[in-house]
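Below you'll find the structure, written out as structure tokens, and then a few comments.
Letters A, B, ... mirror the listed sequences (proteins, then strands); counts begin at 1.
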Amino acid sequence: MVPCGQGMHTVRWEAGALVLPTHADAEAELVLAALGGEKAGCIELAEAWGRHVDDLSVLAIGPRGAADVINVSWDDVRQAAAAGQGGGPARRGRMRLASQLGSGSAAGRQAQQDMDHAEQRRTDLLSLLALGYGFQVRLAGQVAAAHADGPDARARPALTAAITGRLALVAEQWLGIDPGQVEVSLHAGPGWGATELTGRGEARRLRVSLPAWWLARVWACGLPLIGGHLVVAVERAGWPDARVLAVRAPGAEPVPLDVHAREAAPDGRADAGDAPHWEI
Amino acid sequence: MNREGAETFLRLLAETEIRGPSSPPLRGPWSADAPAGSTSKLMVTVAQALTAVQALDDKTAERILTDFDLAAIVRPGHPQPAPAGRASPPRPRPGALRVTIPRRYGLPPATGTTPAAPPGPGWPERFVPVGVSVPFSDEEFTGELHLLCYAHVASGAAFAMTWSIRHAAAPFDAVRAHPRTLAWRFTVTDNRGQRYDLGPSARSDPVSADLIWLRPDPPPDIRWLEFSAPGTSPVRVELVAAAGAEPEAAQARRSAGEQLLIMIAERLMADGANFPRDQRTRSRPGPASRPGPQSRPAQAVPGALGATAAGLGTIIAALEAAGVLSPLSPVPGWLATVCGGLNIGGHGITAPARRDLPEPWLNLLAYGQRRKPDTGPVHAGFAAMTVALPELDGIGLVFLGLHTSGGVTALHALARGLDPDARAGPCGVETYFPLSVWIRDGGGRWHAARPSHWHRSGPEYALQLWLVPPLPRSATWIEVLAAGRSAQVRARLTLRWGYSP
């Protein structure tokens, strides 16, 4: 539910897109807003979503798993937006900086633009987080998908860290290994990659090589760990039935598994209500 | 250099810190215009290390830390930033403009010891050790102007100097704020009868700016200058060019990571020598002293050593990931030895300690371990000497004398090629001056020379380096050892001491 006008409107994510059921002609509203018309809350949110569907910061900020709770309320978003429009100390400090540089000068204009951009970005990200876990995960999936096809040197560090942070928590559940002992590299080329468990005690390491699309096709779909298996790829996508490729233990060859989705997450979290739970 | 490895390391560290922060939150944004958040001290330290060695650019580092800030803030239970009132302000940058010294004004490269390039067509730069005190006395002030060295460079002619004020009708702070109050008392005349004013290079320069300029610019070949001041007899300053020391240059091959770790080690040793051994272990967490430009550095406090050394192991791992530090480098092992010698724990260095420390390090560590709390005061005085070093890593240095007061020995230098925009380095190192400078006195004791403060004088920078430990007045000569990544230079200098009455 999104604050829009005087009420709260429902938004949905369907087939890779954010849908605004209460705004029949969202496209037209977007055009009107671009021409200076007043923006509805839902429209602002759709714009924010569009601005960040390939923003790797979403992966750095968003949840690493269902247990990684993020608390952002719509009140938080309103406060952040108000602070950005003149109330906050950071804003005042930056305005002083822009003023010192001279608002008419190129440096002053640049400082003002940077300031506006940073505030817009912060408010955007907070509003996207306020949508809750289900949307957060889907947005992360879209971002990962945007970069998954042959990621370049600018995207690889963020994708490596994003997979590491998420797989570390999955591996903790899978093997009981300390998340700090999980090392991930980006797999390039055909196939899904590799897993390997080495060492003992503090020297124990789970080394996993996975392609960037694992984030989009496996993790974001709630598939990473099913029935004690680490899912490394999706052979046949579908709902509520799908076929995945999964490994039972590190180093083992992956086996195909037919999996079935249940609607609700088992932990009962309201926020996780639209995160599917998969079973073999 | 592996920039991708550097960025990946910092991002993976962020993942670790998100799961459970290993260091307290640090309010104080990465940059002045970043939103304040709860960036971990370890994250900032590693980002500083990676940007200092240029494995990570400022914008990328800023984006990673800003994202981390937001990621920490939106997670309940993650440490939140301290109240703004307790925040340490961002370190002021040393100056606002990056200055590129025209090559024709640059000092000779490290491969030779040829004289400095001429500051103007047809005449060379001139550096003459002076060592003369000019007394003055009137109703307002009584004291001496100590002239250490005459320097005639592209931007004009100046004396490296220091003041002794024995009586002042006005508070000395007022004098510092208005240096012309002292300078206008002097009348300066050259051997041709030309008169000059004395003054700082700009009105805003503090009197402690260490250089006082002659206006108008004198001709290059003046033989002497006569200083007259109220209440005293004129004092003649001979400007006969003395045979300067011949620096010996040698090649060095330090990686960027090694140089950074060496600077960190030298800071630790210098801070460690500043307070007695038995106080180091009673450390309380506190910010490392971080002298800013145009300011006196805060005295190192017990506890600062531990705070300075925190995260060293992670810094080393980051430098290795960035490909700027070989796993075979001896420097991490040296750093482990330094931490052990200073009784610093919690540094996280996994390399085994090594015994083959550089001689100056061993000497300074031994000094710190011998030193007793009741060590006597060091007598005030000043010494004239000068040497122009070949350029090291793009930085030209001319030493212009030294003086001791208040138990501190300051080495005066004229520097070129500093990077005033350099961001603060990790563990409090001054990245705008990425050189290692040591002084060995005639008694064989080594003194670390660390940048204290600087100010800009035309295209040059007047720089003070503070010696740890201070130089005794009994030293009749010193050997300067300055080292960068690509070369090191040695020069032996005779000291001509003068004393305040």
Test side chain to side chain contact (heavy atoms under 4.5 Å, CB included) applied to A:Asp76 and B:Val74, step by step: CA-CA 10 Å; A:Asp76 295 331; B:Val74 298; over 6 Å; no
Heavy-atom cut-off 4.5 Å, strictly under: side chain, backbone, both or neither for [X] against chain B?
X: A:Leu56; value: neither
X: A:Leu125; value: side chain
X: A:Ala168; value: side chain

Positions in residues 172-189 of chain A that reach chain B, provided some heavy atom is under 4.5 Å away: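 From residues 172-189 of chain A, the residues near chain B are A:Pro179, A:Gly180.
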Interface residues of residues 195-209 of chain A facing chain B - heavy atom cut-off under 4.5 Å: none
Could you tell me which non-hydrogen atom of [X] sits nearest to which non-hydrogen atom of [Y], and how far apart they are?
X: B:Glu4; Y: A:Pro157; answer: CG-CG, 3.7 Å
X: A:Arg154; Y: B:Glu7; answer: O-OE2, 4.2 Å
X: B:Leu12; Y: A:Ala161; answer: CD2-CA, 3.7 Å

Validation row: B:Arg11, A:Leu159 side chains within 4.5 angstrom (heavy atoms):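 No, too far: nothing below the 4.5 Å cut-off.
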Side chain proximity check, B:Arg75 to A:Ile70, heavy atoms < 4.5 angstrom: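 When only atoms from C-beta onward are counted, A:Ile70 and B:Arg75 do touch, with a gap below 4.5 Å.
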Residues A:Arg64 and B:Glu15 bridged, charged N to O under 4.0 Å: yes
Test log, rule salt bridge (Lys or Arg N to Asp or Glu O under 4.0 Å), inputs B:Asp67 and A:Arg121: CA-CA 11 Å; B:Asp67 287 351; A:Arg121 180 180 160 72; 3.3 Å; yes
